[in-house]
There are 2 protein chains.
Amino acid sequence: MSDSYRQEVRDLALFAEMDMGNFEALMRGAYVQNFPPRIELITEGELPDFLHVVVSGSVDLFSTWNGRETSLATVRPVSTFILAATIRGAPYLMSARTLEKSRIVLLPSEDVRRLFDSDSVFARAIVTELSQCYRAIVKNTKDLKLRTSLERLANYLLRQRQRNGTDEFDLMMEKRRLASFLGMTPENLSRSFKGLEPFGVKVAGNHIVITDVADLMRFAKPSPLIDDDST
Amino acid sequence: MSDSYRQEVRDLALFAEMDMGNFEALMRGAYVQNFPPRIELITEGELPDFLHVVVSGSVDLFSTWNGRETSLATVRPVSTFILAATIRGAPYLMSARTLEKSRIVLLPSEDVRRLFDSDSVFARAIVTELSQCYRAIVKNTKDLKLRTSLERLANYLLRQRQRNGTDEFDLMMEKRRLASFLGMTPENLSRSFKGLEPFGVKVAGNHIVITDVADLMRFAKPSPLIDDDST
DNA sequence: TCGACGGCTTGACAATTATCAAGTGACTGC
DNA sequence: GCAGTCACTTGATAATTGTCAAGCCGTCGA
């Protein structure tokens, strides 16, 4: 494995503080793989062989039931996914597929679990990461249960504005996936974008301009307890 | 604190394996409190002072936004809640209220965080607990996004059947709260119960009889990746 | 250049879900 | 006992969301 990837993984909060010898051992068993777009990396129901780290590209976490499919999250560099399944040695609850050409570091689950047992610094880093993931999905559940689809879209746009630090930005994903992520159909997402025009949202393809932030916020009523990424 | 509560807390997976001296220290700072029904124990947005352990009674975790409210989970003895907020020292994302007369053990957050840093056995127990909570809420999100309300109710009833080990049981909560938990209105829950009659569900007040399990399963299509409590 | 493809949009319509209003029935306190 | 309360139910109606079909409009490759 090239040193640059090694360093990128080491820089993750999850691995940054762990014992260097343990980290080296973990990386010895690891390998990097390149995937083309739209490749299914893992399938829900299977047992975790590897902890995955996205080094470049992006990965969609999704789930299916009874012929329906929904997108649950997007993983962007540099971060891990399916940590909980790896730790528990329990079946994946989500499937994962690459969205674009992506480079993934694979860490054997066995090694991760063994280190989790022997390296208490690593164990603590895992707690931090897991509690972060847990809180993120709690916020997502609140978003889903307390808001209409129009309100979810409005707040999504405000969160993107916050991330980008500007009132003008491009959507980070296909609209069809955004629709799935927000829990609606592509058709309804189209109509919802129209529905936000009166509140100061201009849409041209993937390009969004928020012309009246105050007005949009008045409608969206964002809350730190749902929309803050950090806490 | 009485020895019986001390032992009940110790028996929790979260505390069972930790160093005895550390556990004793934790319990010295703890205290037990009795609450009447419908008392708000914590309010979302506040900072965690205590890790809560329900010893008897039951607690509703809920959240509000813009005048709406939704029930996210019910905590029954003996288990903890708001572990993630306590560990991160971040604001509660959910509020909690007693559903009935309840006895709660309060463990100062400071002590919990300190022990989490110094007792690696405890830290590992926390990882197990958190990953369990995380996976539970992922399942809940899939339930919400992939199923209609009728399907959610059908699968809920099958889960209760599994828990109780019998085709005849009482609902564990008020129907209004069940409705909120399942992401629907009380009116719709009423109609949904009616809608499940053709699939072998008989309802009389809080009492449920599943007269045709095979038929109900054919409709509900339960999946271990959504409906299994254990994995 | 052209046609095929795929994602997006639009309109008509249907299903699902929520809201409002009224009524039932069980329990409670005077 | 009896009125009052509250959860639950039911019906009518409205809002939201999904489905289906068709058309638009880029991109891409022949």
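Reminder, nothing fancy here: chain letters follow the sequence lines and each chain counts from 1. Worth knowing before you read on, the calculation uses all heavy atoms, side chains too, and leaves out hydrogens, waters and symmetry mates.
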A:E151 has an atom CD; how far is it from atom P of D:dT16, in whole Å? 9 Å

Which part of the nucleic acid does A:S149 contact within heavy-atom distance under 4.0 Å: base, sugar-phosphate only, or nothing? sugar-phosphate

At 4.0 Å (heavy atoms only), tell me whether A:T185 reaches a base, stays on the sugar-phosphate, or touches nothing. base

Distance, rounded to the nearest Å, where B:K175 contributes NZ and C:dT24 contributes P: 18 Å

Could you give the CG-to-P distance, from A:L189 to D:dT19, as a whole number of Å? 15 Å

A:L225 side chain near A:K142 side chain, heavy-atom distance below 4.5 Å: yes

Rounded to the nearest Å, what distance is computed from the CG atom of residue A:L153 to the P atom of nucleotide D:dT16? 15 Å

From CZ of A:R152 over to P of D:dT16, roughly how many Å is that when rounded to an integer? 13 Å

Measure centre to centre between the rings of B:Y92 and B:F81, then say whether the value is under 6.0 Å. no

Distance check needed: D:dA7 P versus B:R191 CZ, whole Å only. 18 Å

For B:E187 and B:E174, take the nucleotide of DNA chain D holding the closest heavy atom to each; which residue's nucleotide lies nearer the 5' end? B:E174

Judged by atom type as modelled, is there a donor-acceptor pair below 3.5 Å linking the side chain of A:S58 to the main-chain atoms of A:R76? no

What is the distance from CE of B:M184 to C1' of C:dT19, rounded to the nearest Å? 15 Å

May I have the distance from B:R176 (atom CZ) to C:dA18 (atom P), rounded to whole angstrom? 15 Å

Could you give the distance from CG (B:L144) to CD1 (B:I226), rounded to the nearest 0.5 Å? 10.5 Å

Please evaluate the base of C:dT17 for a donor-acceptor partner in the side chain of B:R147 within a cut-off of under 3.5 Å? no

Report the nucleotide, chosen from C:dA18, D:dT9, C:dC8, that has the shortest atom-to-atom distance to any side-chain atom of B:K194. D:dT9

What is the minimum heavy-atom distance between B:N66 and A:K221, and which atoms define it? OD1-CD, 3.2 Å

Proximity to the side chain of B:N188 - top-ranked nucleotide from C:dC8, D:dA12, C:dT17: C:dT17

